[in-house]
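Ligands are counted one by one from 1 in listed order, and the atoms in each one are counted from 1 as well.
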Amino acid sequence: MIMLKVENLSVSYGMIQAVKDINFEVNEGEIVSLIGANGAGKTTILRTISGLIRPSKGIISFQGKSIEKETSPKIVSSGLVQVPEGRHVFTGMTVMENLELGAFLYTDKKESETILATIFERFPILAERKHQDASTLSGGEQQMLAMGRALMSRPKLLLLDEPSMGLAPIFIREIFSIIEEINKQGTTVLLIEQNAKMALSIADRGYVLETGKVVLEGTGEELLGSSEIQKAYLGG
Ligand code: ATP
């Protein structure tokens, strides 16, 4: 079943057309990766899906309903949640307070406590540091906190914007294996990345973007093996 469908999407910033008539979809249960170099339009696509930017053209449907005119809070409460680039944890607040912010959809305290317990199980380091200010976490831990906060609202579709950015290789591997686990437990994932190798190795399917256009698509495996990808992104 198609969960997210993007049809003929174009997005402009004034005179600059950042996204040019692109089409892609994400099926329920999949991990789909959008890869591409700096400036290819990846972040613009995610922000448009999340309702933060309005497209100049095109349709975005989530679970069969078009959402391109919806507000972001509405989109979030329908189950589509983005973890922004650069993580954006709230400093001056503890790890716990950051996570509680993610539970804003739940008025039932019991329910949010249950979800919190599952998040702490998945990210034991966050449980250990729950009373620490978020600013004291390492980059990898902040990425976990940002993902944990998004998971507090029990998303159906999680949008991840460059989770590997600025992280040491050991943290990158850890974050990607957590993404796989989250997916196995039932959350569909749309991932955008410059780290093509990692993003394609966990993806069911992927799309390659170049200057706002989809130039290549296939299964993660096909793309990893393609000579174009090897040349352009994997230094091979
Ligand atoms: P990055 O990895 O650097 O985030 P990206 O693939 O996510 O790259 P976008 O950030 O979506 O790319 O940018 C796509 C294009 O749109 C680029 O040419 C960029 O310069 C331009 N752009 C992005 N944001 C704005 C903005 N607020 N105003 C004007 N142009 C912008």
Go through it in stages, so that I can follow the logic: the residues are Ser33 and Tyr207, the test is side chain to side chain donor-acceptor pair (under 3.5 Å), and I'd like the CA-CA distance, side-chain angles, deciding distance and then a yes or no. CA-CA 6 Å; Ser33 295; Tyr207 297 85; over 6 Å; no
Find all atoms of ligand 1 within a distance of less than 4.0 Å from any non-hydrogen atom belonging to Ala40, and give their numbers and elements. 5 (P), 6 (O), 12 (O)
Close-contact set for ligand 1 against Glu162 heavy atoms, below 4.0 Å: 2 (O)
Does ligand 1 have any atom that is closer than 4.0 Å to a heavy atom of Arg47? no
Does the protein come close to atom 20 (O) of ligand 1 - that is, does one of its heavy atoms sit below 4.0 Å from that atom? no
Going by the order shown, which atoms of ligand 1 are within less than 4.0 Å of some heavy atom of Lys42? 2 (O), 5 (P), 6 (O), 7 (O), 8 (O), 11 (O), 12 (O)
Output yes when a side-chain donor or acceptor of Asp204 lies under 3.5 Å from a complementary backbone atom of Ile31, and no otherwise. yes
Of Leu34, Leu209, Thr43, the one whose closest heavy atom lies nearest atom 7 (O) of ligand 1 is Thr43
Taking only distance into account, with no hydrogens and no angle test, what donor-acceptor pairs under 3.5 Å do side-chain atoms of residues 66-73 form with protein atoms, sequence neighbours excluded?
from: Glu68; atom 1: OE1; to: Ile60; atom 2: N; distance (Å): 3.0

Using only atom types and a distance under 3.5 Å, with no angle test, would you say the side chain of Arg205 pairs donor to acceptor with the backbone of Glu25? yes
Is there a donor-acceptor pair closer than 3.5 Å between any side-chain N or O of Asn183 and the backbone N or O of Ile179? no
Which atoms of ligand 1 are found less than 4.0 Å from any heavy atom of Thr44? 9 (P), 11 (O), 13 (O), 14 (C)
Using atom types as modelled, flag every donor-acceptor pair under 3.5 Å from a side chain in residues 189-197 to any protein atom, sequence neighbours excluded.
from: Glu193; atom 1: OE1; to: Ser164; atom 2: OG; distance (Å): 3.0
from: Glu193; atom 1: OE1; to: Asn195; atom 2: N; distance (Å): 3.0
from: Glu193; atom 1: OE2; to: Ser164; atom 2: N; distance (Å): 2.9
from: Glu193; atom 1: OE2; to: Ser164; atom 2: OG; distance (Å): 3.1
from: Asn195; atom 1: OD1; to: Met198; atom 2: N; distance (Å): 3.1

Any idea which of Gly41, Gly36, Ala18, Ser12 brings a heavy atom closest to atom 6 (O) of ligand 1? Gly41
Give the single entry among Gly14, Gly39, Ala37 that approaches atom 14 (C) of ligand 1 most closely by any heavy atom. Gly39
Can a donor-acceptor pair be found, under 3.5 Å and without considering hydrogens, that links the side chain of Ser50 to the backbone of Leu46? yes
Atoms of ligand 1 under 4.0 Å from any heavy atom of Gln194, numbered from 1 in the order shown, are 2 (O)
Looking only at protein heavy atoms, what sits closest to atom 23 (C) of ligand 1 is Tyr13 CE1, 3.3 Å
Where is the nearest protein heavy atom to atom 3 (O) of ligand 1: which residue, which atom, and how far? Asn38 OD1, 2.3 Å
Donor-acceptor pair, distance only, cut-off 3.5 Å: does the side chain of Ser61 make one with the backbone of Gly64? no
